[in-house]
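Computed from a prediction, not measured in an experiment: that's the story for all the values here.
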Protein chains: 2
Amino acid sequence: MTENVVQRLRDQIENGIISNDFAPGERLDEVQLATRFGVSRTPVREALMQLNAIGLVEIRPRRGAIVIDPGPHRIFEMFEVMAEIEGMAGSLAARRLTETDRAAILSAHADCERSSSAGDSDAYYYDNERFHRAIYTASHNEFLTEQCIALHRRLQPYRRLQLRVRNRVATSFSEHGSIVEALLAGDAERARTLLRQHVSIQGERFSDLVATMSHR
Amino acid sequence: MTENVVQRLRDQIENGIISNDFAPGERLDEVQLATRFGVSRTPVREALMQLNAIGLVEIRPRRGAIVIDPGPHRIFEMFEVMAEIEGMAGSLAARRLTETDRAAILSAHADCERSSSAGDSDAYYYDNERFHRAIYTASHNEFLTEQCIALHRRLQPYRRLQLRVRNRVATSFSEHGSIVEALLAGDAERARTLLRQHVSIQGERFSDLVATMSHR
DNA sequence: GTAAATATTCTTGCATACAAGAAATCAATT
DNA sequence: AATTGATTTCTTGTATGCAAGAATATTTAC
């Protein structure tokens, strides 16, 4: 047991929430989780409080923890913020791109091309994440990078739903193309605008998301 | 004990860190804190883990918690992000401003005028916070508002130092004036730019901050 | 039969206990 | 005297225990 139990629990419960094993609104019983993971209540409690601090669960005094259900409106708000800070990362990346950054972005982009043309939306999901992370890194703002990764992670389940929408993978990849161009050209404002549009879920994209959310 | 102990501890320790009672790098001993606040170790531990999740303390396995020392570079990064999301809030506020929002912003602005012309930098600090929060609220994006408040809070000690710099209060207030104009005019892009500039600490402002930080 | 009041059970919140790892002290050897 | 090794002390990490509030079941009155 090289890593401590609380961290492990936190990750496991977090993954459970993200992968929808624990549904939104579901109550997370301390003893139940404790026996399930073969530990005592104490580390479970500590893990739950951490998830509470992150915003994944809500702890009501004396009434236990429940998985937060963001609801369409809040999800829209989160995407709105995500679009903006991704745009910021793109803008900074365009100005601060190093040779290493350039290589990482192009490599991820090439992988996206493969999984996209193969029509493998699960693989694309993974490669897409690498692509975006490469841009965060290229912003050379570690704090921003951490924020982006955290938000990206929280929106993960909804992004995944989005990719299932017809033609979304192909559209996404073609948008990546323009983004890469802007980044390599050092065009900060264009990179910002393109990334913002790429991430934001306006109009019918939002309707699609809500529709997909309801029947899962 | 109407409110739970952990929340209270979290706030107290957080305030201790922000007000520099607990210096960066300082080790936070569990039993020491427990006896000091008259509770057992368990809630102290839980509070520390929450602060860890927020990013205010670092918990090294088996070696206790220490107050994180961000260092000038990281602080710069945080201000860079803060500038951007405040700009975003301003942009949204300009487009979505309601009558209530308008009243709240103007009221805070008027208070800023009073404390500014009185030369009371502590009062200005408080009124300034109200002004900025009014803008967050006017963005009508609750998630963004929460993010802004959290970041604002983490940067609080450094903002405070900034206001001590000669003429900074007067400069800040005059910038508020232009921001209010842009908001009332519904000029989203101008509001964004002005707020971004208002918050960001470029060039000599950053040098001033670092200089003030070192000898406190 | 239904609703309110009471009793019982369950669950959380905090305290305490115990084990194991890290730091500190002390001793021994060079 | 200094450095390394062993021992002791101290601190953290996890488990368990106990009390108080919430949920639930049961009973009683209408």
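Within residues 27-42 of chain A, the residues that place at least one heavy atom under 4.0 Å from DNA chain D are, in residue-number order, A:Val39, A:Ser40, A:Arg41, A:Thr42.
In summary, the side chains of A:Ser107 and A:Arg130 do present a donor paired with an acceptor at a separation below 3.5 Å, with no hydrogens or angles considered. Donor-acceptor pairing under 3.5 Å is lacking for the side chains of A:Ser115 and A:Tyr126.
Atom CG of A:Asn52 is separated from atom P of C:dT12 by 14 Å (rounded to the nearest Å). In this structure, CD of A:Gln7 is placed 10 Å from P of D:dG13, rounded to the nearest angstrom. Atom CZ of A:Arg63 is separated from atom P of D:dA23 by 4 Å (rounded to the nearest Å). In this structure, B:Glu46 places its CD atom 10 Å from P of C:dA15, rounding to the nearest Å. Rounded to an integer number of Å, the gap from CG of A:Leu9 to P of D:dG13 is 14 Å. A:Ile59 places its CD1 atom 17 Å from the P atom of C:dT11, with the value rounded to the nearest Å. Protein atom CZ of B:Arg60 is 14 Å distant from nucleotide atom C1' of C:dG21, rounded to whole Å. With rounding to whole Å, B:Asn4 atom CG is found 16 Å from C:dA15 atom C1'.
Within the 4.0 Å cut-off from OP1 or OP2 of D:dT11, not a single side-chain nitrogen or oxygen of B:Arg62 is found. For the OP1/OP2 pair of C:dG13 and a distance below 4.0 Å, the side-chain nitrogens and oxygens of A:Arg45 include at least one atom meeting the criterion.
For the pair B:Arg160 and B:Tyr125, the cation-pi criterion (under 6.0 Å, within 45° of the ring axis) is fulfilled.
Under the ring pair (Phe, Tyr, Trp, His ring centres under 6.0 Å) test applied with B:Phe131, the options B:His176, B:His198, B:His152 reduce to a single match, B:His176.
Taking 4.0 Å as the cut-off between side-chain N and carboxylate O, A:Glu14 and A:Arg153 count as a salt-bridged pair. Of the charged side-chain nitrogens involved, none lies within less than 4.0 Å of a carboxylate oxygen, so that A:Arg8 and A:Asp11 do not count as a salt-bridged pair.
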